[in-house]
Every structure is written in C-alpha cells, then in structure tokens.
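The structure appears below as structure tokens.
Naming convention: chains lettered A, B, ... in sequence-line order (proteins, then strands); numbering from 1 in each chain. The analysis underlying the following values was restricted to heavy atoms, covering all of them including side chains, and did not include hydrogens, waters or symmetry mates. Source: prediction; values computed, not measured.
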Amino acid sequence: MRSKLLTTLLALLFALPFVLLALLAVAPAWRFPAALPAAYSLGALRDLVAADNELLAGLGRSVLLASVVAVVATIAGFALARAITRAVRPGRWEALSYLPYALPPVLLAVLIQPFIIRLHLSGSVGGVLLGLLLIAVPFATLLLRSFWTQQAREYEQLARTLGCTARQALWQVLLPLAWPLLRTALFQTFLLAWFDFGLTNLLSVGKVRTLTVQVFTYVGEANAQLAAVASLLLLLPPTLLLWANKNALLRKTE
Amino acid sequence: MKPRNWLLLCYALLVAGLPLAGLGYALLGSVGLAGPLATGFTGRHWQALGADAGLLKSALFSFWIASVSLTLAVALALALVLGAQGTLRRRPFPTLLYVPLLMPSLVMGFYLFQLLSRAGWLSRLSFGLGLTHSVEGFPELVQDAAGVGIIGAHVLLLFPFLTLLFQAIYQESRLADYRQLAQTLGATPGQFRWRVAVPVLLRRAAPTLLLSGIATLGAYDIPLLLGRPYPQMLSVYIATRLQRFDLRELPAAYLAGFLVAVGLLGLILVLTRLTRRHAL
C-alpha cells in the first residue's frame with residue numbers, strides 16, 4: 001500500500017511537467033483564473049511544419065550543433081584518452097581535464113568571450129561550437145579513459161602481432177570493443193550541448209537561436225504557448241534516448 | 001614532436017590555456033590594462049568593490065540556494081533509499097527516476113514558473129477551490145526573496161539523480177548484508193541507518209555531491225527565470241553586468257568574474273582535500 005502510494009506520488013510529480021507543458025502548447029489563450037484552457041488549438045503545432053517556421057529552424061540548428069559536438073567530442077575524446085594513457089604523467093592530464101568543470105558554463109563563457117571576439121567568432125555558430133567543445137571534449141576524454149585499460153592495449157598489441165595494420169586494429173578490434181562506451185559518450189555529449197543555454201546565449205549574443213535560446217525568448221515575450229511547444233521539442237530527443245537505452249543516458253556508477 | 005604530443009598540447013591549450021588566459025584577461029581588465037576601454041593601470045575597481053555589496057550579496061544568496069537545495073535533495077534521496085528500498089528495486093521505479101533527468105534546467109524553470117507563479121496553475125486551482133480570492137492572495141513562490149522557486153527547481157532536478165546514485169552505492173557496498181549483520185548484532189533499524197548506511201552513502205557520494213553543489217552554486221538558467229533582479233545568483237549577476245550597454249561597467253564585470261572563478265577553484269581545492277581525507 002505504502003509502496004503504491006509512493007509510486008503514484010512520484011509518477012504524478014514527474015508527469016505533471018509534461019501535462020502542464022502539453023496543455024500550454026495547445027492553449028492559445030489561457031488566462032487567470034481558468035484552471036483549464038477555455039479553447040484548444042493545434043495551430044502552434046501545425047505551424048511547426050510551415051517552411052519558414054522559426055521553431056523548426058531552431059530545432060534543426062540545435063540538432064546539428066549537438067550532433068557535431070557529440071561526434072567531434074567523442075572522436076577527440078577517444079584519441080585523447082589513448083594519448084593520456086600513454087603520457088608520462090596521466091594523472092596530471094586527468095586532473096587538467098576537470099578544469100572546465102570547476103567553473104560554471106556561464107562563467108567559462110565570460111572568461112573566453114574576449115578571445116572569441118578577437119577570433120571574430122562572436123555571434124557565430126563557430127564560437128558556440130568552440131565553447132561547447134571546451135566542455136564536451138574533456139567530458140568525453142574522462143569518460144573514455146576507462147576504456148584504455150591494460151587489457152585494451154594488450155588486445156591492440158595482439159591484433160598487430162597477428163598481422164593487422166594500425167588502421168585494421170582500430171576499426172576491427174578497438175572500436176567494436178569500445179562501442180558501448182563510445183555510444184554513451186555520444187549520447188551524453190549530445191545532451192550536454194542540447195541542454196545548454198547560458199554558454200550558447202552569451203557566446204552567440206543571442207544570434208545563434210537554438211531551441212533553448214528560443215524558449216528563453218518566448219518566455220521573455222510572455223508567449224507561453226510557443227515556449228511550451230519549444231520546451232516539448234527540447235524534451236523529445238532525451239525521451240527517445242531514454243526509451244532506446246537508459247544505460248547509455250546515464251553512466252553506471254563505478 | 002610525436003603526433004601524440006601535438007594532440008596533448010592542443011588539448012592543454014583548449015581546456016587549460018583558454019580558461020586560464022581568460023582568467024588572466026579578466027584580472028588585467030579589472031585593473032584597467034585590458035578591455036575595450038583600457039586606460040592604464042588603476043585600482044579603483046578593486047577599491048569600489050568595498051562600497052558595492054552586490055557581489056557579496058550574490059555570493060551569499062548563491063551559497064544559501066546551493067546549500068538548501070543540496071541538503072533537501074540529499075535528505076529526500078536518503079529517505080527514499082533507506083526507507084523504501086523494496087519499492088526502489090521494483091518496476092517502474094528505476095525508470096521513473098530517470099524521467100526528471102530528461103528535463104533541461106531552462107524547461108524546469110519555465111514549468112515551475114507556470115506552476116507556482118501568482119497567475120500559475122496552483123494559484124488557479126486554489127482560486128477555483130475558494131482558498132484564495134485574487135492573484136495577490138496566493139503566496140509568492142517564484143521571484144521571491146528566499147529563492148523558494150529556485151530551490152524547488154534544483155531539488156526536483158537533483159533528488160532523482162542522487163537517489164539513483166545512492167541506490168547504486170547501496171547495492172555496490174552490499175549495505176543490505178550489513179543491515180542483516182547489524183540487526184543480528186542487536187542494532188535497531190534506526191541505528192543501522194544513522195551509524196552505518198548514511199555515513200557510507202555520504203562518504204562514497206562526496207565527490208558527486210561536491211560537483212552538484214558547485215553546479216548549483218553557479219546555476220544560471222533557473223535563477224534567470226525564477227529569481228529576482230536583486231539579489232541575483234552569481235552567474236546571473238556576472239552575465240548581467242557583462243551584457244550592460246555601458247562599456248565602463250566591463251572592468252567591474254571582469255573583476256566579479258575573476259573573483260568568482262578564483263573563489264570557486266579555491267573552494268573546490270579545499271573541499272576535494274576534505275572529501276579525500278574522509279573518504280572510505
């Protein structure tokens with residue numbers, strides 16, 4: 001009985017955001033004191049498929065940006081984790097990788113902004129990409145460090161001894177072995193970029209209008225309906241990831 | 001130079017070079033030696049810090065939010081892990097706890113604004129039930145002086161994550177076996193919880209708790225939506241000063257950024273040493 005009550009309570013607590021956002025997304029005018037919308041309309045959702053829809057463009061921008069960050073950070077992280085394992089003092093490199101996490105993303109953006117301006121990257125996708133990679137690459141590196149154990153190196157050496165070229169050892173031995181961890185790195189770095197608002201907004205000066213930036217803009221304009229639609233779009237990829245594989249979404253505690 | 005060394009050099013430049021150069025630039029900016037209106041060395045921005053309580057109040061407000069949020073989230077997570085162990089192992093609980101992790105903090109902020117504000121859903125329900133008779137009749141739960149909305153948002157995001165973490169530690173540390181052993185030796189369930197389970201869980205989770213606290217301390221999205229213009233949390237305070245149109249404000253913003261960055265790095269160093277000293 002107590003168990004059912006607890007489950008129901010938490011299910012309600014966690015479902016309420018989705019219900020309220022869905023109601024807001026289909027309520028063109030929902031004014032105080034009405035507890036439920038007076039009228040429902042799918043207009044905002046239908047407009048999504050219009051060719052010049054800003055939200056759809058924002059969705060595309062966010063997907064592209066987060067995908068590029070995920071792929072670049074995972075590839076770089078894999079190579080860097082290997083280089084760190086073979087470095088003279090791997091512990092120091094690992095400690096260095098934590099530096100971007102010691103500072104909140106917005107503070108990090110504040111610190112690197114003068115250089116982004118000097119590189120003429122302010123307000124551009126390139127500047128935002130550089131800022132996001134500054135957080136995502138060390139994250140992927142730290143995550144993928146656990147792959148490069150003595151065993152992985154021995155597998156690589158064995159493959160080379162048996163006649164594999166370096167490329168064959170990478171593609172046919174190491175990458176299949178590392179795939180579960182690589183997948184987790186891809187998912188998590190994607191979400192890292194997907195969820196970001198502060199760093200993107202500050203480095204892009206509001207010009208790179210990703211979905212999170214749009215949510216904030218709509219909230220500022222008191223356009224709750226479009227803010228809710230954008231919020232629901234933001235929830236879509238993580239929900240799909242959870243549905244596909246929850247272990248990849250959250251690394252198991254070591 | 002070997003390709004591996006080139007790779008590490010580029011990495012060092014990205015993860016350490018860029019932020020540390022930024023820190024140096026912020027320091028130079030705060031003494032008038034860098035920035036668009038650099039006029040030569042001046043200590044007036046540092047001196048002005050004594051007269052301006054904004055940064056100190058922001059820091060205190062941030063510490064308040066971070067400590068209360070973390071304490072509440074830890075208490076809730078511990079209560080679930082220690083009080084509902086059987087329920088946590090059964091479906092749909094393990095999946096259910098992942099759901100809040102899907103939510104970007106900006107969306108959580110927007111949702112809580114729509115739920116808790118004076119014209120929000122709870123206020124409408126209380127009006128419908130006759131508990132309140134106007135918008136003003138509903139208590140101020142967002143953009144309030146104590147940061148109730150900000151704390152609520154952080155607790156909602158943190159406690160499911162901490163529950164999953166504590167649950168994993170509970171299983172890995174075989175605390176269920178320890179519970180049986182403690183009971184066999186005559187300990188009450190309360191004694192097992194407070195003298196065995198809580199210390200083990202907190203010590204093993206200390207690094208993650210530290211990072212969660214620092215992340216809450218530097219939160220931006222949630223306080224931007226649910227906070228008041230004064231006092232602001234640290235990240236909002238610095239970003240707001242940096243984005244003002246008056247370029248003469250920039251050195252003060254750089255100074256605030258520099259001080260907060262150095263303060264956070266120092267805090268992490270001290271807390272890391274403390275948690276290592278007390279680690280199991």
Per-residue tally against chain A (heavy atom, under 4.5 Å) across Leu125(B), Leu211(B), Leu224(B) peaks at Leu224(B)
Rounding to 0.5 Å, atoms CZ (Phe14(A)) and CG (Leu101(B)) come to a distance of 8.5 Å
Under 4.5 Å to a heavy atom of chain A? For Leu96(B) that would be both
Residue from Ile135(A), Leu130(A), Thr141(A) scoring the most non-hydrogen pairs under 4.5 Å with chain B is Thr141(A)
Could you tell me whether the side chain of Ser97(A) reaches within less than 4.5 Å of the side chain of Val15(B), counting heavy atoms only?
no
Okay, Val135(B) and chain A: the region with an atom under 4.5 Å from a heavy atom over there is both
Is there a side chain to side chain contact (heavy atoms under 4.5 Å, CB included) between Leu234(B) and Leu107(A)? Walk through the geometry before answering.
CA-CA 9 Å; Leu234(B) 282 168; Leu107(A) 190 55; over 6 Å; no
When the 4.5 angstrom heavy-atom criterion is applied to Trp194(A) and chain B, the contacting part is neither
Scored by heavy-atom pairs under 4.5 Å with chain B, the best of Pro237(A), Pro100(A), Pro114(A) is Pro114(A)
So, the part of Arg31(A) with a heavy atom under 4.5 Å from chain B: the answer is backbone
Whatever's closer than 4.5 Å to a heavy atom in chain B on Leu20(A) counts as side chain
When the 4.5 angstrom heavy-atom criterion is applied to Ala215(B) and chain A, the contacting part is neither
Honestly, the part of Ser123(B) sitting under 4.5 Å from a heavy atom of chain A is both
More than 12 heavy atoms from other groups under 6.0 Å of OH on Tyr98(A) = no
Looking only at Pro138(A), Ala230(A), Ala79(A), most heavy-atom pairs under 4.5 Å shared with chain B are made by Pro138(A)
Residues Arg124(B) and Ala34(A): closest non-hydrogen pair is NH1-O, 3.0 Å
Whatever's closer than 4.5 Å to a heavy atom in chain A on Leu14(B) counts as both
Using a 4.5 Å cut-off on heavy atoms from C-beta on, say whether the side chain of Leu265(B) contacts that of Leu103(A). yes
If you tally heavy-atom pairs under 4.5 Å between each of Leu106(B), Thr208(B), Ile268(B) and chain A, the highest tally belongs to Leu106(B)
Can you confirm whether Arg89(B) is buried at CZ, in the sense that more than 12 heavy atoms of other residues, nucleotides or ligands lie under 6.0 Å from that atom? yes
Under 4.5 Å to a heavy atom of chain A? For Leu267(B) that would be neither
Bottom line for Leu96(A): the part with an atom under 4.5 Å from chain B's heavy atoms is both
Quiz item: So do Val107(B) and Phe195(A) actually touch side chain to side chain, heavy atoms under 4.5 Å?
Solution: no
To the nearest 0.5 Å, atom OH of Tyr98(B) lies from atom OG1 of Thr239(A) at 15.0 Å
Within the 4.5 Å heavy-atom criterion, are Tyr25(B) and Arg118(A) side-chain neighbours or not? yes
Given Ala12(B), Gly128(B), Ala219(B), the one with more heavy-atom pairs under 4.5 angstrom with chain A than any other is Ala12(B)
Okay, Tyr254(B) and chain A: the region with an atom under 4.5 Å from a heavy atom over there is side chain
So, the part of Leu225(B) with a heavy atom under 4.5 Å from chain A: the answer is side chain
Q) Do the side chains of Leu235(A) and Pro104(B) get nearer than 4.5 Å, heavy atoms only? A) yes
- [ ] Report yes if the distance between the aromatic ring centroids of Phe127(B) and Phe32(A) is under 6.0 Å, otherwise no.
- [x] yes
From the list Thr7(A), Leu80(A), Ile84(A), Ile117(A), the residue making the most non-hydrogen contacts under 4.5 Å with chain B is Leu80(A)
Closest non-hydrogen contact found for Ala261(B) with Leu111(A) is CB-CD1, 4.3 Å
For this session: Indicate yes or no: at least one non-hydrogen side-chain atom of Leu24(A) is less than 4.5 angstrom from one of Phe110(B).
Result: yes
With heavy-atom distances below 4.5 Å as the criterion, would you say the side chains of Trp93(A) and Tyr11(B) are in contact? yes
So, the part of Ala253(B) with a heavy atom under 4.5 Å from chain A: the answer is neither
Of the listed Pro105(A), Pro17(A), Ala15(A), Pro33(A), the one with the largest count of heavy-atom pairs under 4.5 Å with chain B is Pro17(A)
When the 4.5 angstrom heavy-atom criterion is applied to Phe159(B) and chain A, the contacting part is side chain
Residue from Ala256(B), Pro100(B), Ala16(B) scoring the most non-hydrogen pairs under 4.5 Å with chain A is Pro100(B)
Counting heavy-atom pairs under 4.5 Å with chain A, the top scorer among Leu115(B), Leu264(B), Leu18(B) is Leu18(B)
The reported gap from CG in Leu199(A) to CG in Asp221(B) (rounded to nearest 0.5 angstrom) is 10.5 Å
The reported gap from CD in Gln114(B) to CG in Leu23(A) (rounded to nearest 0.5 angstrom) is 11.0 Å
Counting heavy-atom pairs under 4.5 angstrom with chain A, the leader among Ala21(B), Ala34(B), Ala239(B), Ser105(B) is Ala21(B)
Subject >> pair Ile238(B)-Val106(A): side-chain heavy atoms closer than 4.5 Å >> reply: no
In this structure, CD1 of Ile112(A) is separated from CG of Leu23(B) (nearest 0.5 Å) by 13.0 Å
